[in-house]
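Sequence lines set the chain letters: A, B, ... in the order given, protein chains first and strands last, and positions in each chain run from 1. Both backbone and side-chain heavy atoms feed into the values below; hydrogens, waters and symmetry mates do not.
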Protein chains: 2
Amino acid sequence: MVVDQLSEDEVDRMFQALADATRRDIVARVLVAEYSVSGLAEQYDMSFAAVQKHVAVLERALLVTKEKRGREQIVRGQVDGVQRARRLLDDYERIWRQRVERIEEILEKD
Amino acid sequence: MVVDQLSEDEVDRMFQALADATRRDIVARVLVAEYSVSGLAEQYDMSFAAVQKHVAVLERALLVTKEKRGREQIVRGQVDGVQRARRLLDDYERIWRQRVERIEEILEKD
DNA sequence: CTGATCTACAACCATGTGGTTGTACGTTAC
DNA sequence: GTAACGTACAACCACATGGTTGTAGATCAG
């Protein structure tokens, strides 16, 4: 069932977003608890603006959401984004398994 | 069990490699059948050198292997690379599920 | 109101990426 | 041996990325 409602561009953005250790760490954190952008920025040895950019990349990739609360922006993990990415890789493994089965079938043809 | 024997750099390379539609297509193809680099290049509307670079990126990301056969290089899918990437995303989902359970636990505390 | 805090965004820089063309070299076919 | 094929790699280009600093607008605390 290779039915993900994601365009190629969206998948690009998703994997691209995950291809950075800082961003993966942010995702892991905001899946566990809520953070403001500045709360996140405190966790890393880089400028606020840099962290802000990382969050923006994750938001565009549908891996986190931001919600304004007072003067803060609360960042939350978007687990269905993660799930969609995982399902894509599931598809690859399934394709591969089908091929293996096909080969074994041929080999065992008596 | 967040135990993947992958360095952060390796994970970076893996997701980075998957963040391109052409490369994902190559992975899907070589998981099903063997291709030479030029055989792959025929499939896409770009130069041989461009495809060659994509294959090199996938190889560095441990998602495919190349094996010399005569004057050709045979490209094969490396399913355990895909599996490792998927398991990482599994970990994120697990983290998130634990948090949800924890929240429900707190709410149901009578 | 004032000052501190949180965020947004622009400008800039160095480096990386995805593509190109061109050249060179080993291998196969004849 | 020679020509064609498959590959490797360098040089180049336009553009994206990941970081910086600086400026400015909202919001909160006193």
Side-chain angles (χ1 to χ4, degrees), chain A residues 7-30 33-77 85, chain B residues 7-30 33-77 85:
Chain A
S7 70
E8 291 293 275
D9 279 2
E10 284 171 325
V11 180
D12 284 6
R13 269 181 252 130
M14 197 158 277
F15 283 122
Q16 173 65 37
L18 289 168
D20 180 281
T22 303
R23 285 196 295 261
R24 284 193 302 276
D25 194 77
I26 291 176
V27 170
R29 283 181 189 277
V30 298
E34 297 181 345
Y35 280 82
S36 66
V37 180
S38 52
L40 282 171
E42 287 169 16
Q43 313 293 324
Y44 306 101
D45 186 26
M46 65 182 74
S47 68
F48 171 84
V51 174
Q52 199 182 19
K53 277 194 188 181
H54 282 308
V55 172
V57 170
L58 289 169
E59 198 183 9
R60 262 178 32 105
L62 309 177
L63 290 168
V64 308
T65 56
K66 276 195 307 187
E67 187 195 340
K68 193 154 194 160
R69 195 161 71 195
R71 65 183 157 184
E72 294 185 328
Q73 288 272 22
I74 304 303
V75 184
R76 290 200 186 80
Chain B
S7 70
E8 291 293 273
D9 279 3
E10 285 172 325
V11 180
D12 284 6
R13 268 181 251 130
M14 198 159 277
F15 283 123
Q16 173 64 37
L18 288 168
D20 179 282
T22 302
R23 285 197 295 262
R24 285 193 302 275
D25 194 77
I26 291 176
V27 170
R29 283 181 189 277
V30 299
E34 298 180 345
Y35 280 83
S36 67
V37 179
S38 53
L40 282 171
E42 287 170 16
Q43 312 293 324
Y44 305 100
D45 188 26
M46 65 182 74
S47 68
F48 171 83
V51 174
Q52 198 182 20
K53 277 192 186 181
H54 282 308
V55 172
V57 170
L58 290 169
E59 199 184 8
R60 262 178 32 103
L62 309 178
L63 290 168
V64 308
T65 57
K66 278 196 307 188
E67 188 196 340
K68 192 152 194 161
R69 195 161 72 194
R71 66 183 157 184
E72 293 185 329
Q73 286 272 23
I74 303 303
V75 184
R76 290 198 186 81

Would you indicate what [X] reaches in the nucleic acid, counting non-hydrogen atoms under 4.0 angstrom: base, sugar-phosphate, or nothing?
X	value
A:K53	base
A:R23	sugar-phosphate
B:S36	sugar-phosphate

State whether A:K68 places a side-chain N or O below 4.0 Å from either non-bridging phosphate oxygen (OP1 or OP2) of C:dC6. no

Length of the line joining [X]:[atom1] and [N]:[atom2], which is rounded to integer Å:
X	N	atom1	atom2	value
A:L18	D:dT17	CG	P	14 Å
A:Q16	D:dA16	CD	C1'	9 Å
A:E42	C:dT7	CD	C1'	14 Å
B:F48	C:dT23	CZ	P	17 Å
B:I74	D:dG6	CD1	C1'	11 Å
B:D45	C:dG18	CG	C1'	14 Å
B:E59	D:dA8	CD	C1'	12 Å
A:D20	C:dT15	CG	C1'	14 Å

Nearest-neighbour nucleotide for the [X] side chain, [options] considered:
X	options	answer
A:S47	C:dT20, D:dT20, D:dC9	D:dT20
A:R71	D:dT27, D:dG18, D:dT7	D:dT27
B:E72	C:dT21, D:dG6, C:dG18	D:dG6
B:Q73	D:dG19, D:dT7, D:dG22	D:dT7
B:S38	D:dT7, C:dG19, C:dC9	D:dT7

Point-to-point distance, once rounded to the nearest 0.5 Å, from CD of B:E67 to OG of B:S36: 13.0 Å

Distance-only donor-acceptor hits, side chain of residues 46-61 of chain B, under 3.5 Å, sequence neighbours excluded:
from	atom 1	to	atom 2	distance (Å)
B:S47	OG	B:A50	N	3.1
B:H54	ND1	B:R23	NH1	3.2

Checking the side chain of [X] only, and the main-chain atoms of [Y] only, is there a donor and an acceptor separated by less than 3.5 Å?
X	Y	value
B:Q43	B:L40	no
A:S38	A:A41	no
A:R76	A:E34	no

Pairwise 5' ranking along DNA chain D for A:A50 and B:Q52, keeping only the more 5' one: B:Q52

